[in-house]
Amino acid sequence: MGRLSLRRLRLSPPLRALAREVEIPPDKLIQPLFVVEKPARREPVPGLAGVHRETPATLLAQVEADLESGIDKFLLFGVPAGKRERDFDHDFTAGQLAALRGQFGQDAWIAVDVCLCSYTTHGHCGILDDDWHQVDNDASVEALAAAAAAYAAAGADCVAPSDMMDGRVAAIRAALDASGQEQTAIMSYAAKFHSAFYGPFRLAADSAPARNVPLRDRATYQIDPARPADALSSALRDAAEGADILMVKPGLPCLDVLRELSAEIPRPFAVYQTSGEQASLELLAREGLADLDRVQLETWTAMRRAGADMIISYAARRGRTLLGR
Ligand code: PBG
Ligand code: ZN
C-alpha cells in the first residue's frame with residue numbers, strides 16, 4: 001500500500017466537483033425585504049450592499065428584478081409609520097402582501113416576519129407591562145396571533161414569528177386554522193439568540209429598543225448564547241406546537257446549534273445569516289482583506305454543512321451569479 005493521498009482528489013476542477021459533498025442550490029435561498037410606510041424614497045441599509053428600505057412602489061420593482069435574477073423566495077419585514085403600545089394596526093404590512101400577491105401571483109413565495117418591534121413605540125418585540133419593566137407574554141402572544149392571521153389572509157405563504165414569547169407558535173397555528181388559513185406555513189425563529197449581530201437590521205426595521213425604556217434589551221426573551229440547552233428545548237417545543245420549519249439565528253456563531261438541532265429534530269431547518277454577519281463580510285471585503293464572493297460562498301457552505309436546508313441571506317439576490325447558475 002502506498003501512502004494515502006488526500007491530495008489526488010483535489011488536483012483538478014472536475015475531480016473536485018465530482019467529490020464535493022455539499023451543494024448550495026440557488027432554490028434554497030431566501031431574500032429578506034424591508035418595506036417602510038413613511039419615506040418618500042427608498043433608502044440604502046447601512047452595511048448591506050444592495051439592500052434597501054423599500055417604499056411600496058419600489059418594493060414591487062425590487063421583487064420584479066429579483067424574480068428576473070432567479071430568486072423567488074422572500075422574507076418580508078413591514079415597517080409601519082405609526083408606532084403604538086398595543087392595539088396594533090396590520091393594514092400596512094397586509095396591504096404590501098396583497099400587492100405582492102396581486103402583482104406576482106404564485107411566482108413569488110412570500111414569508112412574512114411576525115413581530116411587534118417595528119410596531120411598538122419602545123421597539124421591544126412584545127407588549128410591555130405598565131411600567132415598561134417586563135414584556136407581557138400572553139398579551140403579546142394574542143397580538144402576534146392576530147397579526148399572523150391578518151398576514152395570512154392578505155396572502156402570505158408563510159408566517160415567521162421572531163418575537164420569542166412562550167406559546168406563540170401554538171397560538172398562531174390556532175388562529176390560522178380558526179380563520180381558514182390551514183395551508184399557511186409557520187417558520188419559527190425557534191433558536192433565536194440574544195445576539196449583537198442584528199445591528200443593521202434594527203436600523204432598517206426601526207426596531208432598536210428605545211433608550212428610555214427600563215427594559216434595556218431583549219435578554220429576557222431571546223436565548224442566552226451561553227445556554228444552548230434552551231435552543232433545543234425551544235426548537236422541540238415549537239415543533240410540537242406546529243412549526244413547519246425551524247430556524248437557527250444568527251448563523252455562523254451558532255453552527256454547532258444548527259448541527260445538533262437538525263440532527264435531532266426531523267423538520268426542515270432554516271438558518272438566518274443576520275445583518276451583522278453580512279455586514280462583517282462586506283466590511284472585510286471593503287478593507288481589501290477578503291474577496292466578498294468567496295467569503296459569501298464559504299459561509300453558505302458552512303451553513304449547509306451544519307445542516308441548513310435553506311438559507312436566509314441578504315446576498316440571496318446575488319446567489320445565482322455567485323453560484324454560476
Ligand atoms: C426582530 C428581528 C430581528 C431580526 C429578525 N427579526 C432583530 C432582533 O431581534 O433584534 C434580525 C435580523 C438581522 O439581523 O438580519 N424580531
Ligand atoms: Zn422583534
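Remember, it's 1-based here, ligands and their atoms both numbered in the order they're listed.
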**OP:** Would you mind running through ligand 1 and noting each atom that sits below 4.0 Å from a heavy atom of D113?
**Re:** 6 (N)
Subject >> Ion pair K83/D206, N-O distance below 4.0 Å >> reply: yes
**OP:** Rounded to the nearest 10 degrees, what's the angle SG of C117 makes with SG of C125 at the Zn ion (ligand 2)? Could you check?
**Re:** 120°
**OP:** Show which atoms of ligand 1 fall inside a sub-4.0 Å distance from at least one heavy-atom site of C125.
**Re:** 16 (N)
**OP:** Return yes if a side-chain donor-acceptor contact under 3.5 Å exists between S313 and R318, otherwise no.
**Re:** no
Original post:
Within a reach of under 6.0 Å around CZ of R294, are more than 12 heavy atoms found that belong to other residues, nucleotides or ligands?
Top reply: no
Original post:
Is a salt bridge present between D157 and R101, judged by a nitrogen-to-oxygen distance below 4.0 Å?
Top reply: yes
**OP:** Flag H124 as yes if one of its N/O/S atoms falls below 2.8 Å of the Zn ion (ligand 2), otherwise no.
**Re:** no
**OP:** Indicate, as side chain, backbone, both or neither, the part of S275 found under 4.0 angstrom from ligand 1 when only non-hydrogen atoms are considered.
**Re:** both
Original post:
Taking atom CG of L60 and atom CG of L100, what is their separation to the nearest 0.5 Å?
Top reply: 5.5 Å
Original post:
Would you say the side-chain atoms of S140 and Y221 include a donor-acceptor pair closer than 3.5 Å?
Top reply: no
Subject >> Side chain, backbone, both or neither: the part of C117 lying under 4.0 Å from ligand 1 by heavy atom >> reply: side chain
Subject >> Contact (N/O only, under 3.5 Å) between Q222 and ligand 1 >> reply: yes
**OP:** Just jot down the ligand 1 atoms closer than 4.0 angstrom to any heavy atom of C115, in number order.
**Re:** 16 (N)
Original post:
Which atoms of ligand 1 are found less than 4.0 Å from any heavy atom of Y272?
Top reply: 12 (C), 15 (O)
Original post:
What heavy-atom pair brings A149 and S179 nearest, and what distance separates the two atoms?
Top reply: CB-OG, 4.1 Å
Original post:
What part of Y314, side chain, backbone, both or neither, has a heavy atom within less than 4.0 angstrom of ligand 1?
Top reply: side chain
Subject >> Option of least heavy-atom distance to atom 3 (C) of ligand 1 (set: K249, E277, Q273, Q278) >> reply: K249
Subject >> Interfacing atoms of ligand 1 (cut-off 4.0 Å, heavy-atom, F197) >> reply: 14 (O)
**OP:** Identify the two heavy atoms, one from A270 and one from M187, that lie closest to each other, and give their separation to 0.1 Å.
**Re:** CB-SD, 3.9 Å
Original post:
Which residue owns the protein heavy atom closest to atom 16 (N) of ligand 1, what's the atom, and how far is it?
Top reply: S162 OG, 2.9 Å
Subject >> D163 N/O under 3.5 Å from ligand 1 N/O >> reply: no
Original post:
Which atoms of ligand 1 are found less than 4.0 Å from any heavy atom of T274?
Top reply: 13 (C), 14 (O), 15 (O)
Original post:
Do the charged groups of R168 and D238 touch, with an N to O distance under 4.0 Å?
Top reply: yes
Subject >> ligand 1 N/O within reach of K192 N/O, cut-off under 3.5 Å >> reply: yes
Original post:
At their closest point, which heavy atom of C117 faces which heavy atom of S207, and how far apart are they?
Top reply: SG-CB, 3.6 Å
